[in-house]
Amino acid sequence: MSRDHLPSAERSADSAEAPFLELLAKGASADAYERPVLLARAEGLSEERVAALEQAKELALRVRTEIEGRRRREAELSALFETAHDLAGLRDLDAVLRAIVQRARSLLGTDIAYLSLNDASRGDTYMRVTEGSVAARFQQLRLGMGEGLGGLVAQTARPYVTDDYFKDERFQHTRTIDAGVQDEGLVAILGVPLMIGPQVIGVLFAADRRARVFEREQIALLGSFAALAAAAIDTANALTDTRSALDRLGRANEIIQDRSAVIERASDIHDRLAELVLRGGGVQDVAAAVSEVLDGTVEFTDPGDTPPLAMEAARTGGHAVRHGDGWVAAVAAGGELLGALVLRGHPRLDPVDQRTLERAAMVTSLLLLARRSASEAEQRVRGELLDDLLDARDRDPGLLRERAARLRADLDGRHVVLAARLDAVGADAGQEAGARRRLWSAASHLAATRQGLAAARDGGTVLLLPLGPGDTATALARRTARDLGTAVQEPVTVGASAPLDRLAAHPEAVAAAYTEGQRCLEALRLLGRAGDGAAAEDFGFLGLLLAGDRDISGFVGRTIGPVVAYDERRGTDLVVTLDAYFASGMSPARTKDALHVHVNTVAQRLERVGRLLGDDWQSPARTLEIQLALRLHRLSSDGPR
């Protein structure tokens, strides 16, 4: 179909996007996006045209915001990696600290950034590096321990932020500090501790000369720079200690040779780790590089696979600890334990080699965080595509196929829509929200590994998974319920739609299939089959009857309850006989063949049923209810398999 023959609404939407795509390509400011709408109104264009422009503008602004956010995150990661690289090739401590302060100021967009260190010999703290400062008295400040905002950070080993320094009474004001801050004109100040293990050695600050609220991400970013600064200082101190030891000891040749080999290994591993970070290496690459340099076996282990006492000691102490004939270095970020690097076969480890193992653990945490960020971004993109399919917002088959291909999904294959929901309800809203996040995370991982899609919706999760040759929707639903339940350690019920073909050409079918999957999920819940999975093909028309809040067990009890109770008391087979009787067209002769019993036995059992259910049990109205109750009884007894 030519463009001239397209419906007017589609031509309008298509042309409405053009000016905003040009603005996105130029990197225009947010204000510029109002101009096409204002021009359209000024020219007296139709309301349909103006509405199309408004919609295109909102979409373009969302894209612009996402692009800016990703650029900012890329800049932050790049700065952290560059700083880690500087640390790996540490030659001049002052240069590294200046670079850290400069990058922190640039990324947080503050007027000034500075770093203070504790002086144990004088019992105070002093300004070491400043960036953006204009007041000489501020640059030369020496503060008593516990004074000012920095003293509060050092005492508690936690970040502190103040929107208005002079109005904040949480910390001890002194005349010297207030005078220096006033000379510099500072108002809003953020401080994070520099820590080596549990010891606070200084504070890294970012400050503005106007009132400002620092966001959580900015506090975390400054904390990452503080960790690198502390590592740089620790490295410099380690090198200083090594040189001092060499000067004090009289065995010059032996010590020089030994220290040279250790330092060469440390320099080698630093260079290798920096190269791994820059080229996007993985956790196993880090372990292999450290194994080769330290001449041992280094493995990355998950928190649950690491000796708990050694892991806790390494995490709280901030250093690698000895365990058996090896060493354990905790891999952590922001208080979260991600795993450990375990060195085996080295009961005695040189201190520099020990710090090499610790720095490898820090680099490993950076790589894991970067990989997590990339994974979360991919999960969001998968969820957005599935949301568009469910809401039928994007009907261009070519664009849908292209978006799916970037996620290694094929919308032209056969798929099943699955609705998944946790059956256990949390004790409070926080626990319930956490359980739903775990379900969404597990579903997203499952979708990524099976070339499918997943999104959070209606208090649960919806998945779009491909159906393999010879597989069925029922088998896929049960497998998915089992896998998700194992992942979140709670029962997960899954309802599946009938298989769908060529979704790119028929995106509207996804929403209907999701409704069908929800209906199956609701039917399983009503039948008491929590933690199971089923598909539309398992219920037939009963899926419609089971939708909504109906008293299934009450209906079964009222209709065939006496027969069920009789079987349970006497160990008889009246329910089985009834099933066979109706399946045989209510023919006693065919029923006895199906049950492999004598026809008189069938007659006796049916007579017993009549006494239990009443003389009219074979009337058309009663037989329909009895057959439905039998089917429901069978389904509710058919638990998870």
Side-chain angles (χ1 to χ4, degrees), residues 1-72 377-407 409-412 415 417 419 453-459 462-464 497 500-518:
M1 180 183 292
S2 68
R3 179 179 178 83
D4 293 337
H5 291 82
L6 287 172
S8 60
E10 295 188 17
R11 292 200 306 272
S12 175
D14 184 32
S15 59
E17 295 171 355
F20 298 106
L21 290 175
E22 292 178 1
L23 291 173
L24 285 172
K26 294 176 181 178
S29 66
D31 295 336
Y33 288 74
E34 293 291 343
R35 182 173 176 80
V37 179
L38 295 175
L39 286 175
R41 288 199 173 99
E43 293 172 4
L45 297 184
S46 66
E47 288 298 324
E48 180 184 10
R49 173 63 178 177
V50 172
L53 285 168
E54 284 283 1
Q55 184 178 7
K57 180 195 73 173
E58 294 300 326
L59 178 60
L61 286 173
R62 289 201 302 271
V63 172
R64 180 180 179 273
T65 300
E66 180 67 19
I67 291 173
E68 288 182 348
R70 292 186 181 182
R71 286 175 178 168
R72 184 175 65 254
E378 180 177 333
Q379 289 177 357
R380 284 194 297 272
V381 173
R382 289 181 183 275
E384 290 168 0
L385 176 55
L386 184 50
D387 280 335
D388 286 349
L389 287 170
L390 287 168
D391 299 332
R393 283 193 290 260
D394 190 347
R395 294 180 177 272
D396 184 341
L399 183 57
L400 287 173
R401 290 189 183 96
E402 180 181 343
R403 291 173 64 188
R406 287 197 293 267
L407 299 170
D410 179 14
L411 294 185
D412 288 323
H415 287 76
V417 178
L453 306 173
R457 181 164 285 224
D458 301 327
V462 55
L463 299 96
L464 179 68
S497 71
L500 303 174
D501 294 311
R502 301 181 64 217
L503 292 180
H506 305 286
E508 69 281 354
V510 178
Y514 175 52
T515 301
E516 189 175 45
Q518 285 183 303

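Residue numbers run from 1 in the order of the sequence given.
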May I ask you to check whether over 12 heavy atoms, not counting those of Q55, lie within 6.0 Å of atom CD? no
Quickly, which of V37, D31, L39, L38 forms a side-chain contact (heavy atoms from CB on, under 4.5 Å) with R35? Name it, please. L39
Distance-minimising heavy-atom pair for L411 and H415: CA-CE1, 4.1 Å
Between CD of E48 and CG of L53, what distance do you get to the nearest 0.5 Å? 11.0 Å
Where V417 and Y514 come nearest, the two heavy atoms and their spacing: CG1-CA, 3.6 Å
Quick one: pull up CD in E54 and CD in E34 and give me the separation to the nearest 0.5 Å. 6.5 Å
Okay, side chain of S497, backbone of E516: is any donor-acceptor separation there less than 3.5 Å? no
If I compare all heavy atoms of L500 with all of A509, which pair ends up nearest, and what's the gap? CD1-O, 4.0 Å
Hey, could you give me the CD/CG distance between E508 and D391, rounded to the nearest 0.5 Å? 13.5 Å
